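Here is the naming used below: chain letters follow the sequence lines, and residue numbers restart at 1 for every chain. Quick caveat, the model's predicted, so the values are computed rather than measured. These values consider heavy atoms only, across backbone and side chains, with no hydrogens, waters or symmetry-generated copies.
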Number of protein chains: 2
Amino acid sequence: MRQIIEERIGSHSHHMQAETPAAHQRVAPHVTLLHEGDPARRIMEVVEGTVMLTKLLPDGRRQVVELLGPGDMFGFANGETYVCSAESLTSCVLVGHDRAALERDAALASRVLRRFEIQLCAMHSHALVLGRMSALERVAFFLMRLMPEGMVSGSTLHLAMTRQEIADFLGLTLETVSRAFSELKRRGIVALARADEVRIQDRGSVRRLAGAA
Amino acid sequence: MRQIIEERIGSHSHHMQAETPAAHQRVAPHVTLLHEGDPARRIMEVVEGTVMLTKLLPDGRRQVVELLGPGDMFGFANGETYVCSAESLTSCVLVGHDRAALERDAALASRVLRRFEIQLCAMHSHALVLGRMSALERVAFFLMRLMPEGMVSGSTLHLAMTRQEIADFLGLTLETVSRAFSELKRRGIVALARADEVRIQDRGSVRRLAGAA
DNA sequence: CGACCTATTGAAAGCTATCAACTGGGGTGG
DNA sequence: CCACCCCAGTTGATAGCTTTCAATAGGTCG
């Protein structure tokens, strides 16, 4: 069983004046950060690294509902408890924000609001992907999501996720994801140095398949 | 072509002090409220009625990404433009909030923030539905979403959506949605007085199929 | 070097999409 | 007021894509 590695590296938050100052913490990869159903006390912010949010069905089917990077927030609640579990994919630096602090700190509230809007937009795109795209298109969308803005054809991406995790994100099975990668390879759109090292040979084709969503 | 019917019924917003006061407006059913790609000026709030947000793929495939009721917000932007189109399903009352007002009005910002969190949670559930549920489960989920809290078996729901709209919401085709309704009817879980009048005979089965998501 | 886990590939089954015909209800025009 | 038309919905048959089950390959770590 993995444990949460928590290491205080000081607070850089200047708008906090409360009894629970924001503390940065570093966590190792593949650590469960919080559980669906646990009491929702704080809103967490990703400072560095990648976090995935997951939901489970009673019979064990899993969906990765969101992938989070620097600036993104998690720890949402509908009522009293978290609606998703969260797990670090890479080594991460996180900050927790007390829910009460949102009422006091207008600058923080504004920043969180802006970020919620961005994440809501990302979820809208994801709904389109899950509801209407083929397996090949979904994997292309996944790759495009990982490509930095100014990326050119020929660059290499590192995947921090297994085929199973990618499948759970895209609403597919791990075999189908693997077949999609093979198909992209066969078409000369990507090259795989290793399973988690993807060289983008034809950025345009990836964009086109992803529907520029 | 349908047009937006706009009827001022006065402002009930007391925290506004800006150059663009919040104005309530009533719109007819099946009216396009805003278009994906248009410049994003205001955030809209549903006061009464139901609104659907949709996204399109270049080839015409459509996804209804969100269904909104009273209190819900829309008009999100990632950059300068709306990421979704919005259309009224029923007759609606709406209020527009100037984006600049969010900076000035802390009470409004707090309310919007809270609502964004609720909608984000709803999107997480929807991702689970779209990514991991069967057709029958999706339709059950859809019905559960429409059932009021204190609803008992035997009550009747009115659907404000066509089979095509439900299909676009659930990531299915209209035929599959129709077959799912027939299957629920065959199992005695629902009864259909008309295509848009659903009597819930067995609330428990609906909940179970929907995975209590 | 071997064990184990992840990924790939193959074959067959299953579910949903697609194509097509038919039904029914509502509205319109005669 | 009735008949017809039109559109939404239902149902059937077939095709296609993804899943499932299974076997093989590759890589990493002890």
Assign each of B/Val177 and A/Ser134 the nucleotide of DNA chain D bearing its closest heavy atom; nearer the 5' end lies the nucleotide of B/Val177
Residue met sooner reading DNA chain D from 5', once A/Leu172 and B/Met161 are mapped to nucleotides: B/Met161
Value in whole Å for how far the P atom of D/dT19 lies from CZ of A/Arg62: 15 Å
To the nearest angstrom, the CD-C1' distance between A/Glu197 and C/dA7 comes to 15 Å
Checking only heavy atoms, does the side chain of B/Arg179 share a donor-acceptor pair with the base of D/dG9 at less than 3.5 Å? no
Aromatic B/Phe141 / basic B/Arg207 pairing, under 6.0 angstrom, 45° off normal: no
Give one of base, sugar-phosphate or nothing for A/Ser182, where a contact means two heavy atoms less than 4.0 Å apart. sugar-phosphate
Separation of C/dC15 atom P from B/Arg132 atom CZ, nearest Å, is 16 Å
Validation row, ring centre A/Phe74 to ring centre A/Tyr82 under 6.0 Å: no
For A/Thr176, report the nucleic acid contact type (base, sugar-phosphate, nothing); a contact means any heavy atom under 4.0 Å. base
Nearest-Å distance, CZ (B/Arg163) to C1' (C/dA17)? 18 Å
If you only use heavy atoms from C-beta on, which nucleotide in D/dT19, D/dT10, C/dG26 is closest to the side chain of B/Arg194? C/dG26
C/dT16 P sits how many Å from B/Met133 CE, rounded? 13 Å
Length of the line joining B/Leu174:CG and C/dT18:C1', which is rounded to integer Å: 11 Å
Pick base, sugar-phosphate or nothing for A/Leu192, based on heavy-atom distances below 4.0 Å to the nucleic acid. sugar-phosphate
What's the closest nucleotide to the side chain of B/Ala135 if the choices are D/dT18, C/dT16, D/dG9? C/dT16
To the nearest Å, give me how far apart CG (B/Leu170) and C1' (C/dC15) are. 16 Å
Looking at B/Arg41 and B/Asp98, is there a salt bridge between them, counting it only when a charged N and a carboxylate O are closer than 4.0 Å? no
Looking only at heavy atoms, which two atoms of B/Met133 and A/Leu57 are closest? And how far apart? CE-CD1, 3.7 Å
For the side chain of A/Thr162, starting at C-beta, report the closest nucleotide among D/dT19, C/dA7, D/dT10. C/dA7
Nearest whole angstrom, please: distance from the P of C/dC15 to the CD of B/Glu175. 18 Å
Does B/Arg62, at its CZ atom, have more than 12 non-hydrogen atoms belonging to other residues, nucleotides or ligands within less than 6.0 Å? yes
